[in-house]
Amino acid sequence: MLEIENLDKMYNGPDGVLRAVDDVSFHVKTGEFVAMQGASGSGKTTVLLCAGGLQAPDRGHAIIDGTDPYRMTPDERAQFRASNIGFVFQQFHLIPYLSVIDNVLAPSGALPDQNVNGRAQELIERFNLSARADHKPSELSTGEQQRTAMARALLNNPMLLLADEPTGNLDKENAMIVLNYLWEFAESGGAVLMVTHSEEAASYAHRTIHLKNGKLLASE
Ligand code: ADP
Ligand code: MG
């Protein structure tokens with residue numbers, strides 16, 4: 001489902017060019033839930049952005065379901081992302097003036113679908129947000145914002161879900177809801193790549209890959 005091949009990504013930093021991701025290769029198969037761990041600054045978010053069609057690598061490839069999104073036009077790539085990839089950002093990126101339900105429905109414009117309202121309701125219930133559906137992000141706890149971002153990422157039934165610390169701000173109960181959902185999502189034919197600092201969260205995944213200074217460590 002996701003093939004990362006010899007990925008390099010450089011940034012221009014204050015001390016010159018920084019190699020944030022250095023020759024990283026790994027695969028996430030259909031049905032697989034993979035956790036990614038590594039110290040802060042090790043390149044996890046950069047790998048996720050490249051994998052999600054959001055940031056072109058400097059070298060190597062991120063292939064999703066056999067397709068290289070970076071060979072598409074920007075419009076095609078946006079459409080490809082909307083139909084195939086769910087992305088949960090570390091900083092959520094919720095739309096401040098929209099309610100929870102409208103944030104969850106925000107990606108629906110990209111792909112018109114009759115059942116989208118029902119699906120949004122289902123996700124709201126699933127992630128324990130029913131009492132919050134009409135509230136704005138500023139009226140939510142961080143954990144509620146995180147679950148809203150999760151529901152939004154799943155609205156279009158993506159085949160690949162990329163999640164950056166999706167349980168970082170959740171209490172145990174809500175973390176379990178999210179992790180169980182990710183597990184089921186993978187088991188039902190999706191694929192998940194999840195960045196996490198938590199060993200317990202990683203234990204829900206089928207396997208864990210480790211990044212250090214932009215390089216992938218040998219798998220256990
Ligand atoms: P992680 O998610 O593991 O904390 P990141 O992928 O965010 O790591 O960052 C990897 C390295 O690249 C860090 O040293 C970070 O400071 C740097 N970096 C990330 N994004 C940018 C950017 N847009 N411009 C310059 N440097 C960046
Ligand atoms: Mg990060």
Side chain proximity check, I4 to S25, heavy atoms < 4.5 angstrom = no
Contacts of type side-chain hydrogen bond (donor to acceptor under 3.5 Å, both in side chains), residue K29, not counting sequence neighbours | none
So, does N103 use its side chain to make a donor-acceptor pair with the main chain of S99 at under 3.5 Å?
-> yes
Indicate, with yes or no, if I124 and M150 share a hydrophobic cluster defined by side-chain heavy-atom contacts under 4.5 Å among Ile, Leu, Val, Met, Phe, Trp and Tyr.
-> yes
Do the side chains of L182 and P166 get nearer than 4.5 Å, heavy atoms only?
-> yes
Any side-chain heavy atom of S130 sitting closer than 4.5 Å to one from E125?
-> yes
I209-I63 co-clustered via ILVMFWY side chain contacts under 4.5 Å | no
Main-chain N/O of N169 paired with Q146 side-chain donor or acceptor, under 3.5 Å = yes
Going by atom types alone, do H206 and E187 pair a side-chain donor with an acceptor below 3.5 Å?
-> yes
Under 4.5 Å between side-chain heavy atoms, chaining through other members, with only Ile, Leu, Val, Met, Phe, Trp and Tyr counted: pull out the rest of the cluster around I95, sorted by chain and number.
-> Y97, L98
Rounded to the nearest 0.5 angstrom, the CG-CG distance for L160 and L193 is 7.5 Å
Applied to residues 121-162, the ring-ring contact (aromatic ring centres under 6.0 Å, His included) test, sequence neighbours excluded, yields F127-Y181
Under the salt bridge (charged side-chain N to carboxylate O under 4.0 Å, His left out) test, residues paired with K215 that sit two or more places apart = D22
Decide side-chain contact (heavy atoms from CB on, under 4.5 Å) for N84 and D65; before the verdict, give the C-alpha distance in whole Å, the side-chain angles of both, and the deciding distance to 0.1 Å.
-> CA-CA 9 Å; N84 298 303; D65 199 28; 5.7 Å; no
Pick from H197, Q91, K44: which one makes a side-chain hydrogen bond (donor to acceptor under 3.5 Å, both in side chains) with E165?
-> H197
Taking N156 for the side chain and S83 for the main chain, is one N or O donor matched with an acceptor at less than 3.5 Å?
-> no
Give the minimum heavy-atom separation between V47 and L211, together with the two atoms involved.
-> CG2-CD1, 3.9 Å
Does R77 reach the main-chain N or O of P69 with its side chain, forming a donor-acceptor pair under 3.5 Å?
-> yes
Just by modelled atom types, is the E144 backbone N or O under 3.5 Å from a matching donor or acceptor in the S141 side chain?
-> yes
Given the rule in the side chain to side chain donor-acceptor pair (under 3.5 Å) test, do T45 and D164 qualify, once you have shown the distances and angles that lead to the verdict?
-> CA-CA 7 Å; T45 296; D164 208 346; 2.7 Å; yes
Are the side chain of R119 and the backbone of L154 linked by a donor-acceptor contact shorter than 3.5 Å?
-> yes
Taking C-beta and beyond as the side chain, do N174 and R147 meet within less than 4.5 Å on heavy atoms?
-> yes
If you take all heavy atoms of I64 and A51, which pair is closest and at what distance?
-> CD1-O, 3.1 Å
Is there a side-chain contact between N12 and V17 (heavy atoms, below 4.5 Å)?
-> yes
Do E76 and R81 pass the salt bridge (Lys or Arg N to Asp or Glu O under 4.0 Å) test, and can you show the C-alpha distance, the side-chain angles, and the key distance before you say yes or no?
-> CA-CA 9 Å; E76 287 169 349; R81 275 200 310 266; over 6 Å; no
What's the spacing between S42 OG and L216 CG if we round to 0.5 Å?
-> 10.5 Å
Gap between atom CG of L94 and atom CZ of R152 - 0.5 Å precision | 5.0 Å
Nearest-0.5 Å distance that lies between atom CG in L170 and atom OG1 in T142 = 9.5 Å
So, do V34 and V192 sit near enough that their side-chain heavy atoms are less than 4.5 Å apart?
-> no
Would a hydrophobic clustering, with Ile, Leu, Val, Met, Phe, Trp and Tyr connected at side-chain separations under 4.5 Å, put L155 with L140?
-> yes
Donor-acceptor contact below 3.5 Å, side chain H210 vs main chain G38 = no
Same hydrophobic cluster for F87 and F92, using side-chain heavy-atom links shorter than 4.5 Å among ILVMFWY?
-> no
A151 and V104 have their tightest heavy-atom pair at CB-CG2, 3.8 Å
Look at the side chain of N115 and the backbone N and O of G118, then say whether any donor-acceptor pair between them is shorter than 3.5 Å.
-> no
Is a side-chain N or O of D8 found less than 3.5 angstrom from the main chain of D23, in a donor-acceptor match?
-> yes
Could you tell me whether a side-chain N or O of K9 sits under 3.5 Å from a main-chain N or O of A56, the two making a donor and an acceptor?
-> yes
Verify the neighbour count for atom CE of M72: are there more than 12 heavy atoms of other residues, nucleotides or ligands below 6.0 Å?
-> yes
Atom of S198, atom of Q37 and distance for their closest heavy-atom approach | O-NE2, 3.7 Å
Does a side-chain heavy-atom distance below 4.5 Å link T46 with Q55?
-> yes
Determine, stepwise, if the pair E5 / H27 fulfils side-chain contact (heavy atoms from CB on, under 4.5 Å).
-> CA-CA 8 Å; E5 303 287 0; H27 293 184; 2.9 Å; yes
Trace of the salt bridge (Lys or Arg N to Asp or Glu O under 4.0 Å) decision for K172 with E200 = CA-CA 10 Å; K172 211 173 161 65; E200 196 183 347; 3.1 Å; yes
Would you indicate whether the side-chain heavy atoms of M36 and T208 approach each other to under 4.5 Å?
-> no
Heavy-atom closest pair, residues D58 and M10 | OD2-N, 2.6 Å
Please name the pair of heavy atoms, one in L49 and one in F89, separated by the smallest distance, quoted to 0.1 Å.
-> CD2-CE2, 4.3 Å
In terms of hydrophobic clusters joined by side-chain contacts under 4.5 Å, are V28 and I85 together?
-> yes
Residues passing the salt bridge (charged side-chain N to carboxylate O under 4.0 Å, His left out) test with E32, sequence neighbours excluded, are R207
Applying ring-ring contact (aromatic ring centres under 6.0 Å, His included), which residue pairs with at least one partner in residues 49-86 are found, sequence neighbours left out?
-> none
